[in-house]
> 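The structure follows.
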There are 2 protein chains.
Amino acid sequence: MARSTNTRFAVAVHVLTLLAGVDDDRVISSEELADSAGVNPVHVRRVLGPLREAGLVTSRAGARGGWELALRPEGISLGTVWRLLQGDDPVLGLHGPNPSCATGKGVQQALTALDVAIADALVAQLERFSVRDVLDGDIPAQFTSAV
Amino acid sequence: MARSTNTRFAVAVHVLTLLAGVDDDRVISSEELADSAGVNPVHVRRVLGPLREAGLVTSRAGARGGWELALRPEGISLGTVWRLLQGDDPVLGLHGPNPSCATGKGVQQALTALDVAIADALVAQLERFSVRDVLDGDIPAQFTSAV
DNA sequence: TGAACTGTAATCACGACGATTACAATTTCG
DNA sequence: CGAAATTGTAATCGTCGTGATTACAGTTCA
């Protein structure tokens, strides 16, 4: 089984969808979100950290504290979420450099270029959908991607 | 740093490019390929296994044995290589199921659908290039993906 | 026959990831 | 004010995927 990317994106989508489904003025604690997503509260806070810094969600400490969306669900695209969590990390696995071999140099460059292209295509697909779409179940099980 | 996919694809591209660059009737040993790619000979054989079964390369045991391309470099698309090595493994990381929560169900379905879309888009990008392109350095460092 | 390979299983070490624990800081409420 | 609830964050731990390494049987050529 090939290594897939980590589950932060999945957890983020899950949690954001939950937050999108509650009343506007209600906040939800990390523990509640974590229980629903089947992960650890600390993990939830770590995942939501970057999203808070980007202004997608807000958090409140103290009793009756918790999390809520800072934007409307339709204003949060999955591409944005991906970018915030994955940053510029490569999608392809590039093995170590091999400076001695000329062909190796070329291969490295090709793979790097491909990685950029693939990352763009990946985000482009995710950009087509928002948290609202996930909440409404509006992501078809099968659809033709731009091939 | 997020977990990227494994390096099998990168190794495969590297090795295939090397094989594409030699005379037609010359075979190269796993050790030679491994040294050039900076990996282990056993790893090379494991990576090339699926490609051999798919008819992309052939191997010969015994003295003066080794590997050679079974197809012309322009006939080996990177998309094919990716599919052979990655199979149907998910690109997105899907966290464990959460049957108790209705929203969770929907999120799982959405993520699964997205994973298919993304995998398709990824392969579509790779399909645009062949081993020949890598060998010739014909993969531009920057190009607009279909956004 | 012996050397040079492939094919493959078994084991090992490393590293990423997420769980868990712990604790300081913040906020609400009685 | 003080207790309870909750975030923010560091530190540690266990698990798992990955590739290196070793070992060895089978194959082929000289």
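Everything quoted here is computed from the prediction, not taken from an experiment. Chain letters run A, B, ... following the sequence lines, proteins first, then strands; residues in each count from 1.
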> Enter the inter-axis angle for the ends of the helix from C/dT1-D/dA30 to C/dG30-D/dC1 (five pairs per end, rounded to 10°).
0°
> In whole angstroms, how far is the C1' atom of C/dT6 from the CG atom of B/Leu48?
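Distance, rounded to whole Å: 11 Å.
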> Mind checking B/Gly66 for me? I need base, sugar-phosphate or nothing, with any heavy atom below 4.0 Å counting as a touch.
sugar-phosphate
> Is there a side-chain polar atom (N or O) of B/Ser59 under 4.0 Å from OP1 or OP2 of C/dG7?
yes
> Rounded off to whole Å, could you give me the CG-to-P distance for the A/Leu51 and D/dT7 pair?
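The answer, rounded to whole Å, is 15 Å.
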> Can you check each nucleotide of nucleotides 21-30 of chain C against protein heavy atoms at under 4.0 Å and return B for base, S for sugar-phosphate only, - for none, in 5' to 3' order?
B----BBBS-
> Roughly how far, to the nearest 0.5 Å, is CG of A/Leu122 from CD1 of B/Ile118?
4.0 Å
> Looking only at side-chain N and O atoms, does B/Ser30 come under 4.0 Å of OP1 or OP2 in C/dT6?
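Yes, within the criterion.
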> Applying a strict under-4.5 Å side-chain criterion to I, L, V, M, F, W and Y, I'd like to know whether A/Trp82 and A/Leu135 cluster together.
no
> So, taking the atom named CD1 in A/Ile28 and the one named OG in A/Ser59, what distance separates them when rounded to the nearest 0.5 Å?
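One gets 13.5 Å once the value is rounded to the nearest 0.5 Å.
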> So, is A/Thr7 near the phosphate of C/dC17, with a side-chain N or O under 4.0 Å from OP1 or OP2?
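Result: no.
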> Scan side-chain atoms only and decide if A/Trp67 and A/Thr58 contain a donor-acceptor pair under the 3.5 Å cut-off.
no
